[in-house]
Amino acid sequence: MQNITRVSEFHLMGFSEDPELQPFLFVLFLSMYLITVIGNLLIILVIISDSHLHTPMYFFLCNLSLADVGFTSTTVPKMIVDIHTHSTVISYVGCLTQMSLFLICGCMDDLILTVMAYDRFVAICHPLHYQAIMNPSCCGFLVLTSFMASLLDSLLHSLMVLKVTCFKDVEISNFFCDPSQLLSLACSHSFTNDIVRYLVGIIYGFFPISGILFSYYKIVSSILRVPSPGGRYRAFSTCGSHLLVVCLFYGSSIGVYFSSAFSVSPGKGALASVVYTVVTPMLNPFIYSLRNRDIKRALWRLLRKTGSSQSLHHASGLMVGTAAK
């Protein structure tokens with residue numbers, strides 16, 4: 001295939017172009033996107049509105065939900081529009097923008113999950129010093145550091161793609177501008193780019209996973225020393241939701257890596273990408289709300305407060321109307 005030196009657009013070839021399948025895909029991804037956005041925004045609203053949830057754990061959960069909304073919003077709306085318009089085109093600038101935002105939000109997800117593991121480690125292994133260690137300044141610093149590290153990751157990938165002056169093809173076998181796919185389209189692979197990619201993989205992949213595994217090793221060791229079964233259950237129940245989300249996120253991400261490495265079918269790689277870009281952010285609010293009593297209580301309080309305010313507003317409207325008559 002002839003090499004392309006000047007590229008003004010790419011083609012996203014993630015899913016089937018069968019016309020009979022397009023309406024189903026449109027409804028499916030639109031529904032999943034709406035559920036993801038509404039669910040995560042509801043979690044954020046509940047945490048902000050309830051003073052009982054103004055703790056480090058829920059502060060990190062609020063940031064995780066915000067990152068999930070951004071993570072999904074960088075890819076799914078474009079895919080929904082493409083399905084509706086039967087178009088696969090994305091401009092070069094649009095592709096770089098989507099890739100940058102995708103990396104920022106995805107890396108934030110990764111690092112916030114690591115920070116949440118550290119929070120649970122301090123809460124269970126050092127409960128007497130928890131308030132002193134996880135103070136508001138420390139929590140803000142951890143989130144800000146995660147955001148700056150995510151920006152750095154996005155910047156490094158963007159610089160690597162901008163250095164590419166020759167592409168073998170303009171077809172990306174995914175439904176979004178995957179950075180690894182873009183770099184694989186380069187005509188030649190530089191040694192510097194390979195080194196940077198390996199370093200980024202170690203810093204943003206190996207270190208966070210190692211931190212989470214170490215935290216849970218310490219957590220499990222501490223829980224096993226609790227004499228009563230009830231105490232062990234209460235201690236582990238505080239991190240059960242987080243552990244489930246970590247398994248979903250990293251399990252699907254590793255699945256995508258192996259599917260892209262060993263699968264020859266582009267559609268299978270795109271389907272695997274859906275799991276961690278769409279399905280996992282959609283399930284996070286349900287996992288935390290259904291398994292967390294504090295979230296459920298705060299949600300019911302918010303619903304009762306909303307219902308009471310609507311009833312009061314309706315009653316005042318009736319009183320004004322009666323007085324006017």
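Here the structure is a predicted model, which is why all the values come from computation and not from measurement.
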Would you check if the side chain of Ser154 reaches a backbone N or O of Ser150 as a donor-acceptor pair within less than 3.5 Å?
no
Once disulfide bond (SG atoms under 2.5 Å apart) is applied, what residue pairs with a partner in residues 100-144 remain, sequence neighbours excluded?
none
With a 4.5 Å cut-off on side-chain heavy-atom distances among I, L, V, M, F, W and Y, is there a chain of contacts connecting Ile44 to Ile287?
yes
Please round to the nearest 0.5 Å and tell me the distance separating atom CG of Asp68 and atom OG1 of Thr277.
11.0 Å
Is a side-chain N or O of Asn284 found less than 3.5 angstrom from the main chain of Val245, in a donor-acceptor match?
no
For Asp50, what residues pass the salt bridge (charged side-chain N to carboxylate O under 4.0 Å, His left out) criterion, not counting sequence neighbours?
Arg301
Going by heavy atoms in the side chains, are Val274 and Phe175 under 4.5 Å from each other?
yes
Suppose we screen for disulfide (SG to SG under 2.5 Å). Which residues come up paired with Cys62, at least two apart in sequence or across chains?
none
Run the ring-centre check on Tyr216 versus His242 and record whether the distance is less than 6.0 Å.
yes
Verdict with supporting geometry, Asp110 and Phe249, side-chain contact (heavy atoms from CB on, under 4.5 Å):
CA-CA 8 Å; Asp110 178 24; Phe249 183 80; 4.2 Å; yes
Hydrophobic clusters here meaning ILVMFWY residues chained together by side-chain heavy-atom distances under 4.5 Å, can you tell me if Ile219 and Leu213 are in one?
yes
Is there side-chain contact between Asn174 and Leu12, with at least one heavy-atom pair below 4.5 Å?
no
State, with a plain yes or no, whether a side-chain heavy atom of Tyr118 is found less than 4.5 Å away from one of Val115.
no
Parallel, tilted or perpendicular: rings of Phe214 and Phe121 (30°, 60°)
tilted
Check whether Met134 and Leu144 end up in the same hydrophobic cluster, where Ile, Leu, Val, Met, Phe, Trp and Tyr are linked by side-chain heavy atoms less than 4.5 Å apart.
yes
So with a 6.0 Å cut-off around NZ of Lys78, is the heavy-atom count from everything else above 12?
yes
Decide whether Ile48 and Leu53 are clustered together by the hydrophobic rule: side chain heavy atoms of Ile, Leu, Val, Met, Phe, Trp, Tyr closer than 4.5 Å, transitively.
yes
For Phe59 and Val143, run side-chain contact (heavy atoms from CB on, under 4.5 Å): C-alpha distance rounded to whole Å, both residues' side-chain angles, the deciding distance at 0.1 Å, then the answer.
CA-CA 10 Å; Phe59 172 71; Val143 172; 3.5 Å; yes
For Tyr130, does the OH atom sit with more than 12 other heavy atoms under 6.0 Å from it, leaving out its own atoms?
yes
What distance do Leu152 atom CG and Leu156 atom CG have between them, rounded to the nearest 0.5 Å?
4.5 Å
Met32 to Val278 - nearest heavy-atom pair and separation:
CE-CG1, 3.5 Å
Non-hydrogen atoms of Thr55 and Tyr58 that approach each other most closely
OG1-CD1, 3.0 Å
Do the side chains of Leu113 and Pro208 get nearer than 4.5 Å, heavy atoms only?
no
Kindly indicate whether the side chain of Ile90, heavy atoms from C-beta on, has any atom under 4.5 Å from the side chain of Glu9.
no
How about Gln98 and Thr75: does a side-chain donor come under 3.5 Å of a side-chain acceptor?
no
Between Ile104 and Phe147, is the side-chain contact (heavy atoms from CB on, under 4.5 Å) condition met? List the steps.
CA-CA 8 Å; Ile104 291 172; Phe147 179 68; 4.2 Å; yes
Would you compute the distance between atom CZ of Phe206 and atom CG of Leu199 and round it to the nearest 0.5 angstrom?
13.5 Å
For the SG atom of Cys247 and the CD1 atom of Ile212, what is their distance to the nearest 0.5 Å?
9.5 Å
Do any N or O atoms from the side chain of His54 and from the backbone of Ile47 form a donor-acceptor pair under 3.5 angstrom?
yes
Within 6.0 Å of NE2 in His52, more than 12 heavy atoms from elsewhere:
no
Nearest heavy-atom contact between Phe29 and Val76 is O-CG1, 3.9 Å
Of all heavy-atom pairs between Leu30 and Ile80, which one has the smallest distance, and what is that distance?
CA-CD1, 3.6 Å
I need the single residue from Ile202, Val196, Ile203 that forms a side chain to side chain contact (heavy atoms under 4.5 Å, CB included) with Val200. Which is it?
Val196
Could you tell me the separation between the NZ atom of Lys218 and the NE2 atom of His126, rounded to the nearest 0.5 Å?
8.0 Å
I'd like to know if the side chain of Glu171 and the backbone of His11 have a donor-acceptor N/O pair within less than 3.5 Å.
no
Quick check: do Pro285 and Leu42 have side-chain heavy atoms less than 4.5 Å from each other?
no
Quick one: closest heavy-atom pair of Pro127 and Ile124, and the distance?
CD-O, 3.6 Å
Would you say that Val122 contacts Pro56 through its side chain, given a criterion of any heavy-atom pair below 4.5 Å between the two side chains?
no
Phe286 side chain near Ile35 side chain, heavy-atom distance below 4.5 Å:
yes
Give a yes or no on whether the backbone of Val69 and the side-chain of Thr72 come within a donor-acceptor separation of less than 3.5 Å.
no
Using side-chain contact (heavy atoms from CB on, under 4.5 Å), reason through Cys95 and Ile172 one step at a time and then give a plain yes or no.
CA-CA 10 Å; Cys95 189; Ile172 300 172; 4.1 Å; yes
Path from Leu159 to Leu103 over hydrophobic side-chain contacts below 4.5 Å:
no
Point-to-point distance, once rounded to the nearest 0.5 Å, from OG of Ser222 to OH of Tyr217
12.0 Å
